[in-house]
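Written below as structure tokens is the structure these notes are about.
Just so you know, these numbers use all the heavy atoms, side chains as well, and skip hydrogens, waters and symmetry mates. Each chain gets a letter, A, B and so on, in the order the sequences are listed, and its residues count up from 1.
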Amino acid sequence: MKEVRTRFAPSPTGYMHIGNLRTALYGYLYAKSQGGKFILRLEDTDSRRYVEGAVQIIYDTLKDAGIVYDEGPDIGGNYGPYIQSERAAIYKEYAEKLVELGGAYYCFCDKERIDSLKDENGVGRYDKHCLHLSKEEIAEKLASGVPYVIRQNVPEEGSGSYDDLVYGHVSVDFKDIEDGVLLKSDGMPTYNFANVVDDHLMGITHVIRGSEYLSSTPKYNLMYDAFGWERPVYIHLPPIMKNAHEKLSKRNGDASYQDLVAKGYIKEAIVNYIALLGWSPKSNQEKMTLRELEEHFSLAGLNKSPSIFDEPKLRWLSGEYIREMSFEQFKSLALPFLQKSKAYGKYEEDKLLHLVQSRVDVLEDIPSKIDFLEEYGPIDSALYFNKKMKSDAEIAKTVLPAAAKALENLSEFENAPIYQALVALAQELGMKNGQVLWCVRIALTARENTPGGASEMAELLGKERCLSRLAAAEQALSV
RNA sequence: GGCCCCAUGGUCAAGCGGUUAAGACAUCGCCCUUUCACGGCGGUAACUCGGGUUCGAGUCCCGAUGGGGUCACCA
């Protein structure tokens, strides 16, 4: 059995998109599930599209997500170089060889002539004009330095087909395929040529890529066949959509992997979630670590219809990871976000973090959970109303002054004694615990939602501020 | 527009000729509870449409509709 070799071949043109990352992830998972190798190759044959720093982003993102490649530009391997711009001589050699084999030909047509072949809609195909040039004419033009490209010689009749592992049988008529440029006039190959040469030379057994290549694959097969090379197994992946109509893309300002990390989504959750977009495990277990994914991944679970990126589900998964991680781990991840809160530095860090760990799905939500400590605004008296607690503003009018008195006499201002005092007060007033606690919590925080109960919030605020807030709330009620 | 591909709840999805059509997220309700959250329990909600094939179709075939992709010296 031949060793499985898959590759991820991004073009360094900017950020790492979720869709790209998923393609990389699947390539990695498939290789690992088969005990094979995963290779990173950089497709930078279009110098115009090169973006400074993009290469580093690719390395960093894969590393950060835990997707480790066995061979790549920065770590080497036996099939290098792994950067296409460094392989120019190789492509030229193979392009010339393909010409000899009849699978391609030199083309000297200039832009004007190419354009003249197109109709008013810009649609039109190359007419194989240069295919019919004589050997002598070609040699002469070459010798006199006329700019040229090398085009693929696609048969005018017949069709090409292959069996994609996710889409099944795919067939395209050759008459619908143009004689595309393989080697550009600047000497660099196009994707259409480079991917074939490299995949073969690098021993790639399974080509995993986006479904946009579904209908151009037959022309790649033509080249494999012309060279006498074994065709790889194809696995095309459906796109990840932003909504029913638009693909998820950085161009639309959609979240990239690093944007999500910056927002405080847990990395493991992001990887876990994108694995689930287009693939489903045999079991019903959806929450899986990378290791578990490596173990359970199988091509049979791949889906062929586009899937929409659903942030709420990612949030949920992220929250699951937060809730199960150790406090120490949570603390190290959460600290940078806690520091953005107005409350940072004024309260015991650990106390704040403990309160918030089970209440947050995404780290960036932390400040909003605790900012009430420093932001105390006017209280909407409707907040005192709670059907289940049977409390309302009227009840609050009696509770608040009494609570202030009870708390004032407390020598130990901590959760337990505060709670006891408030419960005792409820009994004294002939009220339910909830009536007192609800009103006090509202008065103390001015918010419906807080990361804990009345006594916890009171302890956090400290006696002095509790008393002043209680007084303010009471006064507001009497107006 | 030509060609290729796709089509199960709001979303992700299981299903591969016979099921009460799973599960998850979201949503709603109940329970737990000192708020919120967590947790537990339960509810609402789907096979795009029309023809076939078959004893029987979400599952197979054809068509329509809708959607996506592709038609570059971009990948």
Report the relative orientation of the aromatic rings in His354(A) and Phe327(A); use parallel for angles under 30°, tilted for 30 to 60°, perpendicular for over 60°.
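It falls in the parallel class, under 30°.
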Donor-acceptor contacts, no H, no angles, side chain residues 427-440 of chain A, under 3.5 Å, sequence neighbours left out:
{"from": "Gln435(A)", "atom 1": "OE1", "to": "Lys432(A)", "atom 2": "N", "distance (Å)": "2.8"}
{"from": "Gln435(A)", "atom 1": "NE2", "to": "Lys390(A)", "atom 2": "O", "distance (Å)": "2.7"}
{"from": "Trp438(A)", "atom 1": "NE1", "to": "Leu383(A)", "atom 2": "O", "distance (Å)": "2.9"}

Answer yes or no: side-chain N or O of Ser216(A) and base N or O of U70(B) forming a donor-acceptor pair under 3.5 Å.
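No pair found.
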At less than 3.5 Å, do the side-chain atoms of Ser215(A) and the base atoms of C3(B) form a donor-acceptor pair?
no
Dot-bracket for RNA chain B, 5' to 3', with Watson-Crick and G-U pairs under 3.5 Å, [ ] for crossing pairs and | for other-strand pairs: what is it?
((((((((.[[[..)..(....]]].(((((.......)))))....[[[[[..)....]]]]])))))))....
Polar atom pairs between nucleotides 36-42 of chain B and protein, under 3.5 Å, N or O only, would you list them?
{"from": "C36(B)", "atom 1": "O2", "to": "Arg359(A)", "atom 2": "NE", "distance (Å)": "2.4"}
{"from": "C36(B)", "atom 1": "O2", "to": "Thr450(A)", "atom 2": "O", "distance (Å)": "3.4"}
{"from": "C36(B)", "atom 1": "N3", "to": "Arg359(A)", "atom 2": "NE", "distance (Å)": "3.3"}
{"from": "C36(B)", "atom 1": "N3", "to": "Arg359(A)", "atom 2": "NH2", "distance (Å)": "2.9"}
{"from": "A37(B)", "atom 1": "O2'", "to": "Ser358(A)", "atom 2": "O", "distance (Å)": "2.6"}

Comparing Asn415(A) and Val172(A) on RNA chain B - which has the more 5′ nearest nucleotide:
Val172(A)
I want to confirm an ordering. Mapping Gly168(A) and Pro10(A) to their closest nucleotides on RNA chain B, which one lands closer to the 5' end?
Gly168(A)
Write down the distance separating the P atoms in A37(B) and C30(B), rounded off to the nearest Å.
13 Å
Who pairs with Arg323(A) by side chain to side chain donor-acceptor pair (under 3.5 Å), at least two apart in sequence or on another chain?
Glu320(A), Asp361(A)
Under the 6.0 Å and 45° cation-pi test, does Arg151(A) pair with Tyr106(A)?
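No, a cation-pi geometry is absent between Arg151(A) and Tyr106(A).
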Does Asp371(A) come within less than 4.0 Å of Arg447(A), counting only side-chain N to carboxylate O?
no
If you look at every strand shown and take non-hydrogen atoms under 4.0 Å, does Ala244(A) touch a base, only sugar-phosphate, or nothing?
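Result for Ala244(A) = sugar-phosphate.
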Could you run through nucleotides 7-17 of chain B and give me one letter per nucleotide, 5' to 3': B if any protein heavy atom sits under 4.0 Å from the base, S if only the sugar-phosphate is that close, - if neither?
S---SBSS---
Identify every side-chain donor-acceptor pair in residues 166-177 of chain A under 3.5 Å, counting partners at least two apart or on other chains, and give the distances.
{"from": "Tyr167(A)", "atom 1": "OH", "to": "Lys304(A)", "atom 2": "O", "distance (Å)": "3.1"}
{"from": "His169(A)", "atom 1": "ND1", "to": "Asp163(A)", "atom 2": "OD1", "distance (Å)": "3.0"}

Validation row, ring centre Tyr234(A) to ring centre Tyr162(A) under 6.0 Å:
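Here the rings of Tyr162(A) and Tyr234(A) have centres that are less than 6.0 Å from each other.
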